[in-house]
S.K.: 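Encoded as structure tokens, here's the structure I'll be asking about.
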Amino acid sequence: MGGVRREPSILHLDLDAFFAAVEQRDKPSLRGRPVVVGGTGGRGVVSTASYEARAFGARSAMPTAEARRLCPPGTAFLGGRFAAYRRTSEVVMALLRELSPLVEPVSIDEAYVDLAAGDHDLSVPGVTALAAELKARIAVATGGVTGSVGIGTSKAVAKIGSELDKPDGLTVVPPGEELAVLHPLPVRALGGVGPATAERLAQIGVKTIGDLHRLSLVDLTSLVGQAHGAGLYRLARADDDRPVVTDREAKSVSAEETFARDLTDPARLAAEIEALATRVGSRLQRSGTSGRTVTLKVRRYDFSTLTRSQTLAHAVDDPRQIAEVAHRLLGAVDRSGGLRLLGVGVSGLSPYAQGDLFAEAAGPAEVVEPVEVVEPAEPVELPADPEPGRAVVAWYPGQDVVHPDLGSGWVWGSGLNRVTVRFEGPRTTPGPVRTLAADDPDLQPADPPDWAP
DNA sequence: TCTGGGGTCCTAGGACCC
DNA sequence: TCTGGGGTCCTAGGACCC
């Protein structure tokens with residue numbers, strides 16, 4: 001097997017029940033209780049269930065209506081506060097970037113780090129100690145959110161490692177032990193094996209990664225396709241040299257909406273198209289990109305789903321142009337019986353809108369610099385035995401605060417004795433980040449946010 | 001009161017070109 | 001006169017991920 005690292009230098013971090021954990025942190029009355037975050041309407045699904053809610057069977061992607069049946073009275077069903085999750089995520093990602101410049105955020109609650117790009121002892125005891133300290137720092141800086149860490153010689157092994165000991169886990173797979181760890185696990189543990197692939201494999205008696213290892217490359221590719229088969233063949237052998245990639249350019253931008261009730265009225269449908277095109281167009285414009293292919297997504301009353309797309313001669317980012325194409329595409333689909341969902345997307349992205357030569361010559365109109373982080377002079381004190389969810393913290397990331405001299409802002413991070421606050425600056429320039437004593441009497445919480453029912 | 005929203009990657013057929 | 005082959009673009013759908 002070629003190209004595999006010899007040292008356990010890939011770290012994977014997965015924050016535990018992240019959205020629910022942030023809610024429990026911000027609202028002490030929710031701690032120890034089942035919490036479900038997701039769509040709260042009739043057609044909503046669960047984004048995240050706290051471990052207390054999982055005990056009753058609530059799971060991600062489950063219809064919220066089903067979670068309501070499973071969970072006892074007193075369970076909190078929350079709609080989600082994405083700004084708070086994003087802020088907390090940024091705090092964690094910043095801690096990861098202190099370990100290495102090579103950080104790949106996979107999603108808001110998950111990231112890979114290539115420790116070989118930092119200055120670290122990459123022995124098994126070395127990376128174990130590093131991960132333990134990272135977990136403690138995360139718990140302190142986020143006010144009690146925990147994460148599970150896996151470390152190994154590849155992304156696949158690190159990711160599986162982080163799954164093995166959840167929540168608040170730490171698993172290091174020593175070099176040479178990869179196959180012993182992988183082979184007893186079900187094939188579903190591998191990234192890229194979902195329900196359909198698992199079912200196909202089960203039909204020929206392949207249940208574990210060890211079973212998968214015994215399959216020939218020809219058998220595997222004939223079963224699941226060329227690219228997928230070749231990928232699984234290598235993963236079963238722990239042969240994975242994928243690099244940690246810091247920033248990937250987006251390939252598409254889309255927005256979609258499931259309606260509370262199916263829509264048939266042409267005027268209502270047209271208005272929805274306009275709204276979706278506006279969301280997509282403004283996001284394209286904000287990121288300075290545009291794309292040539294406009295795609296309409298339609299889900300009918302019976303859940304049958306189809307897409308229709310059109311590729312234009314020039315890239316677009318203008319909501320009116322996007323909507324015009326989407327209207328045309330919708331006109332050609334059967335809407336009888338009603339539509340449950342509409343979506344609008346733009347792909348085939350390239351920088352800058354079509355014909356916008358002046359903008360291209362001048363570069364992006366306005367670049368908002370990343371937040372300047374002022375590190376506290378003294379090292380962050382870590383609790384001797386951090387107890388997730390129980391630590392008494394006065395400040396939490398994302399919390400809105402006010403200061404008589406510095407104005408209003410929000411908490412970027414907090415330690416036992418200090419709090420880092422980003423104060424709002426003028427519209428397009430980020431305000432300063434200031435580190436204050438945690439017991440500074442001038443610093444006060446702003447009005448608490450409203451909570452979803 | 002079954003089944004969200006935002007993405008990525010792959011496959012396969014037809015058009016078109018050389 | 002029996003029937004190429006490779007490459008790219010476009011479209012549609014499906015699997016998968018968080």
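Side-chain atoms are counted along with the backbone in the values below, which use heavy atoms only and exclude waters and symmetry mates. Note on naming: letters A, B, ... go to the chains in the order of the sequence lines (proteins, then strands), and numbering restarts at 1 for each one. The structure displayed is predicted, hence computed values, not measured ones.
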S.K.: When the C1' atoms of B:dC16 and C:dG4 are compared, how many Å lie between them, rounded to an integer?
M.R.: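 Each nucleotide's C1' atom is 16 Å from the other's.
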
S.K.: From the set C:dC18, B:dT8, B:dC10, return the single nucleotide nearest to any side-chain atom of A:A227.
M.R.: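 So the nucleotide nearest the side chain must be B:dC10.
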
S.K.: Between C:dC10, C:dC16, C:dA12, spot the one nearest the side chain of A:T307, thanks.
M.R.: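 Shortest atom-to-atom distance from the side chain points to C:dA12.
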
S.K.: How many Å lie between NZ on A:K251 and P on B:dC9, as a whole number?
M.R.: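 These atoms are roughly 4 Å apart.
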
S.K.: Kindly point out which of C:dC17, B:dC9, B:dG4 is positioned nearest to the side chain of A:S47?
M.R.: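 Nearest listed nucleotide: B:dG4.
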
S.K.: Check for a donor-acceptor pair, side chain of A:K297 on one end and backbone N or O of A:L306 on the other, with a separation under 3.5 Å.
M.R.: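 Not at all, since once roles are kept as given, no pair shorter than 3.5 Å links the two residues.
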
S.K.: Between A:T311 and C:dT11, is there a contact of a side-chain N or O with OP1 or OP2 at under 4.0 Å?
M.R.: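 Looking at the OP1 and OP2 atoms of C:dT11, one of them is under 4.0 Å from a side-chain N or O of A:T311.
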
S.K.: Among B:dG5, B:dT8, B:dT3, which is the nearest nucleotide to the side chain of A:A250?
M.R.: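 Given the options B:dG5, B:dT8, B:dT3, the side chain of A:A250 is closest to B:dT8.
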
S.K.: Does OH belonging to A:Y301 count more than 12 external heavy atoms closer than 6.0 Å?
M.R.: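 Counting neighbours around OH of A:Y301, 12 or fewer heavy atoms of other residues, nucleotides or ligands fall under 6.0 Å, so no.
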
S.K.: Measure from CZ on A:R248 to P on B:dG6 and round the result to the nearest Å.
M.R.: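 About 19 Å, once rounded to whole Å.
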
S.K.: Looking only at the side chain of A:R188 (C-beta and beyond, no hydrogens), which of the listed nucleotides C:dG13, C:dC17, B:dC2 gets closest?
M.R.: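 Output: C:dC17.
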
S.K.: In this structure, how many angstroms lie between the C1' atom of B:dT8 and the CG atom of A:L349, rounded?
M.R.: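 Nearest whole value for this atom pair: 13 Å.
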
S.K.: Starting from the 5' end of DNA chain B, give me the residue, A:R43 or A:A255, whose nearest nucleotide shows up first.
M.R.: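 Upstream on the strand: A:R43.
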
S.K.: Would you find a donor on one side and an acceptor on the other, under 3.5 Å apart, between the side chain of A:D16 and the backbone of A:D168?
M.R.: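 Side chain of A:D16 to backbone of A:D168: a pair is present.
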
S.K.: Without swapping roles, check the side chain of A:D114 against the backbone of A:I10 for a donor-acceptor pair under 3.5 Å.
M.R.: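 A pair under 3.5 Å: no.
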
S.K.: Please give, in whole Å, the distance from B:dG5 P to A:D109 CG?
M.R.: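 Those two atoms, CG and P, are 19 Å apart.
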
S.K.: Provide, to the nearest angstrom, the distance between the CZ atom belonging to A:R328 and the P atom belonging to C:dT11.
M.R.: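 In whole Å, C:dT11 P lies 12 Å from A:R328 CZ.
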
S.K.: Students often mix this up, so state it plainly: with edges at 30° and 60°, are the rings of A:Y85 and A:F19 parallel, tilted or perpendicular?
M.R.: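 Parallel, since the angle between the ring planes stays under 30°.
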
S.K.: Given atom CG of A:L70 and atom P of B:dC2, what is their separation to the nearest angstrom?
M.R.: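 Result: 15 Å.
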
S.K.: Return the value, rounded to whole Å, for the distance between atom CD of A:E199 and atom P of C:dA15.
M.R.: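 Whole-Å distance recorded here is 12 Å.
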
S.K.: Where do A:R292 and A:T311 land on the side chain to side chain donor-acceptor pair (under 3.5 Å) test, with the steps shown first?
M.R.: CA-CA 5 Å; A:R292 286 180 54 218; A:T311 299; 5.6 Å; no

S.K.: Return no unless some side-chain N or O of A:R299 is found under 4.0 Å from OP1 or OP2 of B:dT3.
M.R.: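 No.
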
S.K.: Regarding A:R68, tell me which of base, sugar-phosphate or nothing describes its non-hydrogen contacts under 4.0 Å with the strands shown.
M.R.: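 Nothing, no heavy atom under 4.0 Å.
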
S.K.: I want to check one thing: is the phosphate of C:dC10, taken as OP1 and OP2, less than 4.0 Å away from some side-chain N or O of A:S309?
M.R.: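 For C:dC10, neither OP1 nor OP2 has a side-chain N or O of A:S309 closer than 4.0 Å.
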
S.K.: Counting any heavy atom closer than 4.0 Å, what does A:L312 reach on the DNA or RNA strands: base, sugar-phosphate only, or nothing?
M.R.: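 Result for A:L312 = nothing.
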
S.K.: By a strict heavy-atom criterion of less than 4.0 Å, which residues belonging to residues 329-344 of chain A are in contact with DNA chain B?
M.R.: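 Contacts with DNA chain B under 4.0 Å: A:R340, A:L341.
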
S.K.: Considering only C:dC16, B:dT3, B:dG5, which nucleotide approaches the side chain of A:T258 most closely?
M.R.: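 From the listed options, B:dG5 comes nearest.
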
S.K.: Hey, does A:T197 reach any base, or is it just sugar-phosphate, or nothing, if we go heavy atoms under 4.0 Å?
M.R.: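 It contacts sugar-phosphate atoms only.
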
S.K.: Looking at side-chain heavy atoms only, is the closest gap between A:L342 and A:L330 below 4.5 Å?
M.R.: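 Counting from C-beta outward, A:L342 and A:L330 do come under 4.5 Å.
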
S.K.: If the cut-off is 4.0 Å, is A:R308 near the phosphate of C:dG13, judged by side-chain N/O to OP1 or OP2?
M.R.: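 Answer is yes, contact under 4.0 Å.
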
S.K.: Report, as yes or no, whether the 6.0 Å neighbourhood of atom CZ on A:R242 holds more than 12 heavy atoms from other residues, nucleotides or ligands.
M.R.: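 Yes, because the 6.0 Å sphere around CZ of A:R242 holds more than 12 heavy atoms from other groups.
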
S.K.: Toward the 5' end of DNA chain B, which comes first, A:E257 or A:V224, by nearest nucleotide?
M.R.: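 By nearest-heavy-atom nucleotide position, the 5'-most residue is A:E257.
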
S.K.: OP1, OP2 of C:dC10 versus side-chain N and O of A:R292: anything below 4.0 Å?
M.R.: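 A:R292 to C:dC10 OP1/OP2: side-chain N or O found under 4.0 Å.
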
S.K.: Below 4.0 angstrom from OP1 or OP2 of C:dC17, is there any side-chain N or O of A:K155?
M.R.: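 For C:dC17, neither OP1 nor OP2 has a side-chain N or O of A:K155 closer than 4.0 Å.
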
S.K.: Determine the contact category for A:K297: base if any of its heavy atoms lies under 4.0 Å from a base atom, sugar-phosphate if only primed atoms, P, OP1 or OP2 are that close, otherwise nothing.
M.R.: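 Nothing, no nucleic acid heavy atom in range.
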
S.K.: Quick check on C:dC17: is either OP1 or OP2 less than 4.0 Å from any side-chain nitrogen or oxygen of A:S107?
M.R.: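 So the side-chain polar atoms of A:S107 never come under 4.0 Å of the phosphate oxygens OP1 or OP2 of C:dC17.
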
S.K.: Quick one: label A:E110 by what it contacts on the DNA or RNA (base, sugar-phosphate, nothing), any heavy atom closer than 4.0 Å.
M.R.: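 Sugar-phosphate contact only.
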
S.K.: For A:F303 and B:dT3, what is the distance between atoms CZ and C1' respectively, to the nearest whole Å?
M.R.: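 Taking CZ of A:F303 and C1' of B:dT3, I get 4 Å after rounding.
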
S.K.: Whether the side chain of A:Q285 engages the backbone of A:D317 through a donor-acceptor N/O pair (distance < 3.5 Å, no angle test) should be reported.
M.R.: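 Here the side-chain-to-backbone pair exists.
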
S.K.: With respect to the side chain of A:E256, which nucleotide from B:dT8, C:dC16, B:dG6 is positioned closest?
M.R.: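 Nearest nucleotide to the side chain: B:dG6.
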
S.K.: If you measure from the C1' atom in C:dC17 to the same atom in B:dT1, how many Å do you get, rounded?
M.R.: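 It comes out at 28 Å once rounded to the nearest Å.
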
S.K.: Counting the atoms with a prime plus P, OP1 and OP2 as sugar-phosphate, which does A:G192 contact under 4.0 Å by heavy atoms, base, sugar-phosphate, or nothing?
M.R.: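 Here A:G192 touches the backbone only, sparing every base.
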
S.K.: Measure from the side chain of A:R279, starting at C-beta and using heavy atoms only, and say which of B:dG4, B:dG6, C:dC17 lies closest.
M.R.: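 Of the candidates, B:dG6 comes closest.
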
S.K.: Using a 4.0 Å heavy-atom cut-off, does A:V253 contact any base of the nucleic acid, only the sugar-phosphate backbone, or nothing at all?
M.R.: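 The answer is sugar-phosphate, as A:V253 gets under 4.0 Å only of primed atoms, P, OP1 or OP2.
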
S.K.: Report the base-pairing partner of B:dC18 (Watson-Crick or G-U wobble, both distances below 3.5 angstrom), or none.
M.R.: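 By the stated definition (distances under 3.5 Å), C:dG5 pairs with B:dC18.
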
S.K.: Determine whether more than 12 heavy atoms belonging to other residues, nucleotides or ligands lie under 6.0 Å from atom CZ of A:R200.
M.R.: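 No, CZ of A:R200 has 12 or fewer neighbouring heavy atoms, counting only those of other groups under 6.0 Å.
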
